[in-house]
Amino acid sequence: MTRTTLESASKTVVIGFDEPFCVIGERINPTGRKKLSAELEAGDFSTVEKDALEQVACGATVLDVNSGAVFTNMMAEDPRYADNNFVEPMLMPELINRIQALVDVPLCIDSSVPGALKAGLETCNGRPLLNSVTGEEERLELVLPLVKQYNVPVVAISNDDTGISEDPEVRFAVAKKIVERAADFGIPAHDIVVDPLVMPVGAMASAGQQVFALVRKLRDELGVNTTCGASNISFGLPNRHGINAAFLPMAIGAGMTSAIMNPVRSAEMEAIKAANFLMNHDPNGGDWIRFSRVIEAVHQGTPFVEAAQAVAASSGGRGGRRRSRG
């Protein structure tokens, strides 16, 4: 069985076909969040710290760390701040250090800027996930050497120089190309986590069917783990959490092994916990029983985050298996 191993300073998370679904918390991302970008520009990391603690308490076992902030005021004073190649390599290590001081889960270093990826790799404890490489030639030549040098797994996004194809067979061919190119660098397939690209079902009625078929093909023919931006499936639609909560167990049943998503949503997390139990990835239902205590508190009027934090505290905290020091 394919296993992709991620590590923090003292915990290990394994992404695999026979492992619990890996929830990668998406919230530490200033893209499209003007308030968070403004806070980071002012040197205020309070929202980042709050998001880190809340996501882990709610069930994230990995945290995505995106450094794509826009420093509007500094941009006016110094034109270099208009360039993410200048901003992100400075910001990424600070984000990682702040997060690692609070929570001990593996991280997913997320940037389109190679310099930020490298800065994150130099700062991060353990074995993070790198996000991401595409099938574009320039990106392959920039990112794969970093993956090899630091011996880390990488998210492989199924688009290339021609863009994002609506044809799932084209997206599979791009994924296969990345896996083959990675092998040329000595990077094994178990360290490639493919994002097959989830299309919005509101714009493409067959989007769900496409991704389920594509995930099965990636598993059966390439033997790779998979991930996605889970909320893409419901983009532009009402009651998005209901759609996401239906999509995630179906994707898990098709073989998807992780998702970059918002864990601070009870509907989605309840669906994942139930799917883990039904897939026999939750021995004796221990995690489901523990999560049920959270849901019981929510039904009694406690906000989901507060309920999750209270149960996590009473359980001694979670977020990955302890690494053996032997």
Side-chain angles (χ1 to χ4, degrees), residues 4-15 19-33 36-37 39-40 44-69 88 91-113 116-117 119-132 150 152-155 193 195 225 227-231 244 248 257-266 268-269 272-273 287 304-305 308-309 312-313 317-323:
T4 305
T5 301
L6 311 180
E7 296 174 345
S8 66
S10 66
K11 291 182 180 177
T12 297
V13 169
V14 178
I15 303 174
E19 296 286 338
F21 190 72
C22 178
V23 175
I24 304 171
E26 70 179 6
R27 290 186 54 77
I28 302 171
N29 186 343
T31 305
R33 297 176 69 184
L36 179 55
S37 279
E39 288 180 4
L40 295 175
D44 178 359
F45 292 85
S46 57
T47 296
V48 168
E49 293 168 346
K50 176 175 176 287
D51 283 345
L53 290 167
E54 289 184 352
Q55 289 184 103
V56 172
C58 289
T61 51
V62 177
L63 293 182
D64 188 82
V65 184
N66 185 293
S67 55
E88 293 197 41
L91 180 59
M92 182 65 81
E94 184 68 19
L95 289 170
I96 289 173
N97 282 328
R98 297 274 181 160
I99 295 162
Q100 289 182 152
L102 288 176
V103 296
D104 189 18
V105 296
L107 301 183
C108 175
I109 302 170
D110 184 357
S111 178
S112 61
V113 176
L117 295 178
L121 288 167
E122 291 174 344
T123 307
C124 199
N125 295 330
R127 191 173 197 249
L129 178 63
L130 205 62
N131 189 8
S132 59
Y150 289 89
V152 294
V154 64
V155 174
V193 181
D195 182 344
N225 282 309
T227 195
C228 71
S231 63
N244 297 345
L248 283 161
T257 48
S258 69
I260 300 172
M261 55 174 284
N262 184 357
V264 188
R265 298 292 181 184
S266 61
E268 285 95 321
M269 291 306 298
I272 288 170
K273 298 293 185 180
D287 201 35
F304 176 60
V305 172
Q309 288 175 323
R318 290 182 61 79
R321 296 194 292 259
R322 288 279 172 186
R323 289 167 61 188

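These values consider heavy atoms only, across backbone and side chains, with no hydrogens, waters or symmetry-generated copies.
- Between Thr123 and Gln100 the shortest heavy-atom distance is O-NE2, 3.8 Å.
- Between the side chain of Arg127 and the backbone N or O of Thr5, at least one donor-acceptor pair lies under 3.5 Å.
- Gln309 contributes atom CD, which lies 7.0 Å from atom CG of Leu53 (distance to the nearest 0.5 angstrom).
- Under the 4.5 Å side-chain criterion, counting only non-hydrogen atoms from C-beta, Val14 is not in contact with Thr4.
- Atom CG of Asp195 is separated from atom CG of Asn225 by 13.0 Å, given to the nearest 0.5 angstrom.
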I would like to know whether Val23 and Met261 meet side chain to side chain contact (heavy atoms under 4.5 Å, CB included); could you show each step before the answer? CA-CA 7 Å; Val23 175; Met261 55 174 284; 3.9 Å; yes

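- Closest of all the heavy-atom pairs between Leu40 and Ala69 is CD1-CB, 4.2 Å.
- Using a 4.5 Å heavy-atom threshold, the side chains of Val193 and Ser258 count as touching.
- When all heavy atoms of Pro128 and Pro153 are compared, the pair lying nearest together is O-CD, 3.3 Å.
- Of all non-hydrogen atoms in Asp104 and Lys11, the two that sit nearest each other are O-CD, 3.0 Å.
- Rounding to the nearest 0.5 angstrom, the gap separating the CG atom in Asp64 from the CD atom in Gln55 is 9.0 Å.
- Listed here is the closest heavy atom pair of Arg27 and Asn262: CD-OD1, 3.3 Å.
- Here the side chains of Ile24 and Thr227 are in contact, with some heavy-atom distance below 4.5 Å.
- Ser111 places a side-chain heavy atom less than 4.5 Å from the side chain of Glu88.
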With side-chain hydrogen bond (donor to acceptor under 3.5 Å, both in side chains) as the test, would you mind laying out the steps for Asn244 and Ser231 before giving the verdict? CA-CA 6 Å; Asn244 297 345; Ser231 63; 5.5 Å; no

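- Atom OG1 in Thr47 sits 10.5 Å away from atom CD1 in Ile28 (nearest 0.5 Å).
- One finds a salt bridge joining Glu54 and Lys50 here, because a Lys/Arg side-chain nitrogen approaches an Asp/Glu carboxylate oxygen to under 4.0 Å.
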For a side chain to side chain contact (heavy atoms under 4.5 Å, CB included) check, start with the C-alpha distance between Ile15 and Val62, then their side-chain angles and the critical distance, and finish with the verdict. CA-CA 10 Å; Ile15 303 174; Val62 177; 5.8 Å; no

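- Side-chain atoms of Asn97 come within 3.5 Å of backbone atoms of Pro93 as a donor-acceptor pair (strictly under, hydrogens ignored).
- Atom OG of Ser67 and atom CG of Leu91 lie 5.5 Å apart (nearest 0.5 Å).
- Expressed to the nearest 0.5 Å, how far CZ of Phe304 lies from CZ of Arg265 amounts to 10.5 Å.
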Does the pair Asn125 and Ser8 meet the rule for a side-chain hydrogen bond (donor to acceptor under 3.5 Å, both in side chains), with working shown? CA-CA 5 Å; Asn125 295 330; Ser8 66; over 6 Å; no

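- Two residues are said to be in side-chain contact when any heavy atoms from C-beta on lie closer than 4.5 Å; Ile99 and Val48 meet this criterion.
- Contact of the Lys273 side chain with the Asp287 side chain is registered, since non-hydrogen atoms from C-beta on lie closer than 4.5 Å.
- Here the options are Leu6, Leu63, Asn131, the test is side-chain contact (heavy atoms from CB on, under 4.5 Å), and the partner is Leu107; only Leu63 passes.
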Might you work through the side chain to side chain contact (heavy atoms under 4.5 Å, CB included) test for Tyr150 and Glu122, ending with a clear yes or no? CA-CA 9 Å; Tyr150 289 89; Glu122 291 174 344; 3.3 Å; yes

Step-by-step side chain to side chain contact (heavy atoms under 4.5 Å, CB included) determination, Ile109 to Met92: CA-CA 8 Å; Ile109 302 170; Met92 182 65 81; 3.8 Å; yes

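- Taking all atoms of both residues into account, the shortest heavy-atom contact from Glu39 to Ser46 is OE1-OG, 4.3 Å.
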